[in-house]
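Any value given below was found using the heavy atoms of this structure, including those in side chains, with hydrogens, waters and symmetry copies removed. Each chain gets a letter, A, B and so on, in the order the sequences are listed, and its residues count up from 1.
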Number of protein chains: 2
Amino acid sequence: MTLTHAEAVDDRLPRYHQLRDDLKSRIASGAWHPDEPIPTEAELARTYAVAIGTVRKAVDMLVQEGLLLRSQGRGTYLRRPRFDRSFFRFFRQVDADGVRSVPVSRILSQSCETPCERVSQALALSSGDKVLQLKRRRSMGASSLIYEDIWLPADRFAALQALPLDEFGNLLYPLYEEKCGEIVASARETLTIEPADDVVASELGMEAGKPVVVIERLALGYDQRPIEYRLSRGAAEQFRYQIDIV
Amino acid sequence: MTLTHAEAVDDRLPRYHQLRDDLKSRIASGAWHPDEPIPTEAELARTYAVAIGTVRKAVDMLVQEGLLLRSQGRGTYLRRPRFDRSFFRFFRQVDADGVRSVPVSRILSQSCETPCERVSQALALSSGDKVLQLKRRRSMGASSLIYEDIWLPADRFAALQALPLDEFGNLLYPLYEEKCGEIVASARETLTIEPADDVVASELGMEAGKPVVVIERLALGYDQRPIEYRLSRGAAEQFRYQIDIV
DNA sequence: AAGTGGTCTAGACCACCGA
DNA sequence: CGGTGGTCTAGACCACTTC
């Protein structure tokens, strides 16, 4: 077993486990890009001097954890996060006819601000660092579904400041990647319920004081550095979320 | 490969996959009990006429799915469901001192009823079947946390009807198992948000019309038959739920 | 000491992909 | 066609639990 990257390894751990940790820190250090396959299993077995079955077990774990994606015949790749599990998907996105359709996003404003304490801490900024703040509405037909505040570290997202609001498109993360080279690798979402304040109520076309679901999201890169902090709000009435317990 | 139980198998599927399906239907048919180990890997390999590595892969999948639990040196067991993932755990259970403590359950009433349509359908009852209905409060110190309606098929839970309310204890599922032989193997929970009606508001000590989180739970046995249907409500203000997206 | 699951190896062959 | 991951096998040895 010849490790290439990990700092400190516990020799008592199984090899596949050490190997998994080593691959994980290579991912975190940006060794690979999601568009290119990582080394083949045979090559990993050679460079780490272990049997191919051991490599397969280590890769299996990382696939299980959601970091890697195997594709028979092609190779194994870094995985982009799957936002189909996000809370957003659980606002009932059905229009009047009962037809499920895709909501449309629109950026309402963009500005460069001094962050409040909460945002500064979430994004792990130094004092003096600025943030780029976006306000955004996602709507379905005529009715607003979700109202969002989005904060980005201004220095790493300078390229967005020059962009006209109507060129942001429906999806932000591909834009981050294309314009700023920032790839979102994972996120943590927290759901709470609050009464709507006047701003949110008017944006969502509801009565102030009625409950809204607040989704707080912190998006991280492969190196676990914060990339984006976001607060999204939608009418609680339209929210329905399901889990299976086994 | 000699399957023992599965009805129709697709020969094109990998053996470990067929084996997994076969084990799964043996579990559903009640072949094993969570307190006794299932056959050893070596024995499964012999009876199914496959290599032990193939058995391991099939068992790995079932462990991953949460149905089995391995214990080195002891054996492999049916797993009881892990309710630590349940929505319930996400009501902030801290008392005035900020100390996290365990809520206390109390059964408020018990009665034998004709079920409403919603309950009847959830429990897959025939017309004429009765339900045993429990009302229950979980509280922390002086304050109520959660108010619950619980419905059980009356015929399978007859043993509970004779039980005094103060002998139900804190946990229901072990009671179901001990008194009625009904083992909960999995559950599905759905979260919605509603305004509190008068009954719920008074039970939870809050103002009517304020939002409550409603958790609907359908608990199933290993054979996927419904065992219990439950509606639980707690003040939305105290709810906070988190997921990781990778 | 006997029996269980856990680790690791080595090799054969299959299924799929892209050039 | 060559290269990738996927399946399956067989066997050696280790670590843990129970008696």
Whichever of B/Ala42 and A/Val50 has its nearest DNA chain C nucleotide further upstream toward 5':
B/Ala42
Nearest whole Å is fine: how far is [N] [atom2] from [X] [atom1]?
X: A/Ile38; N: D/dT4; atom1: CD1; atom2: C1'; result: 12 Å
X: A/Leu13; N: C/dT7; atom1: CG; atom2: P; result: 10 Å
X: B/Ile52; N: C/dA10; atom1: CD1; atom2: C1'; result: 17 Å
X: A/Gln18; N: C/dT7; atom1: CD; atom2: P; result: 12 Å
X: B/Arg46; N: C/dG3; atom1: CZ; atom2: P; result: 12 Å
X: A/Leu44; N: C/dT9; atom1: CG; atom2: P; result: 14 Å
X: B/Met61; N: D/dT7; atom1: CE; atom2: C1'; result: 13 Å
X: A/Leu69; N: D/dG5; atom1: CG; atom2: P; result: 12 Å

Rounded to the nearest 0.5 Å, how far does CD1 of A/Ile243 lie from OG of B/Ser86?
6.0 Å
Shortest side-chain distance from [X], nucleotide among [options]:
X: A/Lys57; options: C/dT9, C/dT7, D/dT7; value: C/dT7
X: A/Arg56; options: C/dT4, C/dA10, D/dG6; value: D/dG6
X: B/Arg70; options: C/dT7, C/dG5, C/dA10; value: C/dG5
X: A/Thr76; options: D/dG5, C/dC8, D/dA15; value: D/dG5
X: B/Tyr16; options: D/dA10, C/dG5, D/dT7; value: D/dT7
X: A/Gln72; options: C/dG6, C/dT4, D/dG5; value: D/dG5

Between A/Thr54 and C/dT7, does any side-chain N or O lie under 4.0 Å from OP1 or OP2?
no
So, OP1 or OP2 of C/dG3: does either fall under 4.0 Å of a side-chain N or O from B/Arg74?
no
Just checking A/Val59: base, sugar-phosphate only, or nothing, at a heavy-atom cut-off of under 4.0 Å?
nothing
For a quick check of understanding: with a heavy-atom distance under 4.0 Å over all strands, which category does A/Arg15 fall into, base, sugar-phosphate or nothing?
sugar-phosphate
Would you check, one step at a time, whether the test side chain to side chain contact (heavy atoms under 4.5 Å, CB included) holds for A/Phe90 with A/Leu191?
CA-CA 12 Å; A/Phe90 297 90; A/Leu191 180 154; over 6 Å; no
Quick one: do A/Asp149 and A/Arg136 make a salt bridge, cutoff under 4.0 Å?
no
Are B/Lys24 and B/Glu65 ion-paired here, with the side-chain N under 4.0 Å from a carboxylate O?
yes
Please check if any side-chain donor atom of B/Tyr229 sits under 3.5 Å from a side-chain acceptor atom of B/Glu216, or the reverse.
yes
